[in-house]
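All remarks here apply to the structure that follows.
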Amino acid sequence: LRAGGCLSDELNGGCPTPGRFLPADQQMARVASPSQHSIQCLFVTRPIDAQENAYFVRLGPHCYSPTEHAGGTWRADELHLAPVAGRVVHEMERWRQAHLDPAMRFSRFSFELLGQIPRGTIEMHTEVVRPGRTIELIETTMTIGRVIIRGRAWLLSTEDTSAVAGSPFDPLPDPETQPDFRMSDIWPGGFIASLRGKRVGPVEPGRGCAWLTTDVELVTGEPVSPLASFCALVDAANGIAIRQKPTDWMYPNVEWTVHLFTQPQGRWVGLDTRVSFGPDGLGLTSSVLHDLRGPVGMLQQSLTVRPLHT
């Protein structure tokens with residue numbers, strides 16, 4: 001995955017200095033102009049407190065600045081997809097609340113990563129792809145100098161199906177009964193350091209279960225739904241069932257797809273994960289997702305598997 005984005009196409013008329021991102025204490029707000037169909041940006045300095053207990057700080061209606069807690073694992077100059085995915089879901093939820101029947105529920109999220117997620121000011125834009133009274137598809141694009149993530153979500157109308165509700169997946173044991181687990185013993189980065197974990201059962205190469213939670217807010221001082229908070233942690237699945245040491249191999253995901261059959265609740269995310277590598281550079285992470293009540297859905301991540309030392 002190549003590094004992408006620059007300070008701003010709008011500001012500089014191009015990208016004369018690739019990889020030139022804003023320092024944490026000089027983040028720039030990009031404010032959407034309501035008079036334009038395309039997003040136009042004005043730039044004003046907005047200092048970000050290094051001690052913010054959140055992954056993002058809101059700068060405008062659809063503009064955000066990441067904090068050190070959102071830092072990635074594979075590169076020091078990138079953001080981790082997990083909190084970014086939660087941020088996109090939060091944006092989608094805000095759009096749903098403003099435009100749709102509140103009875104509509106998210107059933108699937110699919111995010112395509114169009115490059116490394118650089119540290120920089122984030123801008124979001126949401127639109128309807130497929131309108132409908134009972135089924136609707138929306139798309140949110142996330143821009144950091146250029147489009148970095150293109151996310152789509154299906155929303156479905158709700159019905160009372162409690163009489164037939166059920167799942168063949170076994171629930172995970174209560175996290176408070178399980179031993180502590182620190183992902184930061186294996187993985188670097190601000191996001192991983194923000195997590196608190198509980199390990200469930202034995203660990204094998206490419207197979208593992210764990211509970212994860214965090215005390216870090218998604219957006220500073222802003223109410224966030226259980227769904228967005230849940231989605232802000234699930235991308236960590238790729239790191240709890242290690243098939244090869246991340247010091248020898250890299251295996252980042254190029255997409256992120258979550259299917260839900262019920263809406264998650266609470267602050268704990270349970271991950272029952274399997275990681276597979278093929279013989280020619282392809283990989284797959286599959287996880288059954290749990291909250292404290294039991295299984296709620298599944299996560300799939302397509303991996304690009306590459307040796308770090310050749």
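Just so you know, these numbers use all the heavy atoms, side chains as well, and skip hydrogens, waters and symmetry mates. No experiment lies behind these values; they were computed from the predicted model shown. Numbers here simply count residues along the sequence, with the first being 1.
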side-chain contact (heavy atoms from CB on, under 4.5 Å) for R87 and V219? Distances and angles first, verdict last. CA-CA 8 Å; R87 177 76 284 287; V219 182; 3.7 Å; yes
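- Checking D235 against N253 by side-chain atom types alone, a donor-acceptor pair falls below 3.5 Å.
- Counting heavy atoms from C-beta outward, H62 and T126 have side chains that stay 4.5 Å or more apart.
- Side-chain contact between H125 and T140: absent, with no pair of heavy atoms (C-beta onward) separated by less than 4.5 Å.
- Atom OG of S287 is separated from atom CD of Q300 by 8.0 Å, given to the nearest 0.5 angstrom.
- In this pair, Y55 and F191 present their aromatic rings tilted. The plane angle is within the 30 to 60° band.
- Side chains of E52 and T220: a donor-acceptor N/O pair is present below 3.5 angstrom, by distance only.
- Atom CG of residue L79 and atom CD of residue E68 lie 9.5 Å apart, to the nearest 0.5 angstrom.
- Both M250 and I240 belong to a common hydrophobic cluster when Ile, Leu, Val, Met, Phe, Trp and Tyr are linked at side-chain heavy-atom distances under 4.5 angstrom.
- Atom CD1 of I122 and atom CZ of F56 lie 4.5 Å apart (nearest 0.5 Å).
- When hydrophobic clusters are built by joining Ile, Leu, Val, Met, Phe, Trp and Tyr residues whose side-chain heavy atoms come closer than 4.5 Å, directly or via intermediates, M124 is not grouped with V129.
- When atom types are taken as modelled, the side chain of T67 and the backbone of A54 share a donor-acceptor pair closer than 3.5 angstrom.
- In summary, the side chains of S157 and R133 do not present any donor paired with an acceptor at a separation below 3.5 Å, with no hydrogens or angles considered.
- If you take CZ on R150 and OG1 on T143, they are separated by 8.5 Å, rounding to the nearest 0.5 Å.
- Cluster annotation: V224 is connected to V234 through the hydrophobic network of ILVMFWY side chains, with a link wherever side-chain heavy atoms come within less than 4.5 Å.
- Side-chain contact between D77 and P118 is absent, with no heavy-atom pair separated by less than 4.5 Å.
- Ring pair W256/F109 is tilted by interplanar angle, where 30° to 60° counts as tilted.
- A distance of 12.5 Å separates CZ in R96 from CE in M92, rounded to the nearest 0.5 Å.
- Side-chain contact between I192 and I186 is absent, with no heavy atoms from C-beta onward closer than 4.5 Å.
- Under the 4.5 Å side-chain heavy-atom criterion for ILVMFWY residues, no single connected hydrophobic cluster contains both W268 and F230.
- Counted within 6.0 Å of CD on E222, heavy atoms from surrounding residues, nucleotides or ligands total more than 12; the atom is thus considered enclosed.
- Remark: R267 does not engage D291 in a salt bridge, criterion side-chain N to carboxylate O under 4.0 Å.
- In plain terms, the two heavy atoms of A210 and L172 that are nearest each other are O-CD1, 4.4 Å.
- Side-chain atoms of R105 come within 3.5 Å of backbone atoms of P102 as a donor-acceptor pair (strictly under, hydrogens ignored).
- Between the side chain of E255 and the backbone N or O of S302 there is at least one donor-acceptor pair closer than 3.5 Å.
- Side-chain contact, R306 with T304: a donor N or O sits under 3.5 Å from an acceptor N or O.
- Looking at heavy atoms from C-beta onward, R94 lies out of side-chain contact with V89 at the 4.5 angstrom threshold.
- With salt bridges taken as basic N to acidic carboxylate O contacts below 4.0 Å, one links D185 and R182.
- The cluster map of Ile, Leu, Val, Met, Phe, Trp and Tyr, joined by side-chain heavy atoms under 4.5 Å apart, puts L212 and V200 in different clusters.
- Ring orientation note: the planes of Y251 and F277 are tilted relative to one another, at an angle of 30° to 60°.
- Partner V275 forms a side-chain contact (heavy atoms from CB on, under 4.5 Å) with one of L284, L303, I242 and no other, that one being L303.
- Counting heavy atoms from C-beta outward, V88 and F111 have side chains that approach closer than 4.5 Å.
- Looking only at distances, a side-chain donor or acceptor of W187 sits under 3.5 Å from a matching main-chain atom of G239.
- Enclosure of atom CZ in R130 by more than 12 non-hydrogen atoms of other residues, nucleotides or ligands within 6.0 angstrom is indicated.
- A heavy-atom distance below 4.5 Å is found between the side chains of M142 and I117.
- The CD atom of E127 sits 12.0 Å away from atom NE2 of H99, with the distance rounded to the nearest 0.5 Å.
- Residues W74 and P246 have side chains in contact (heavy-atom distance under 4.5 Å, counting atoms from C-beta outward).
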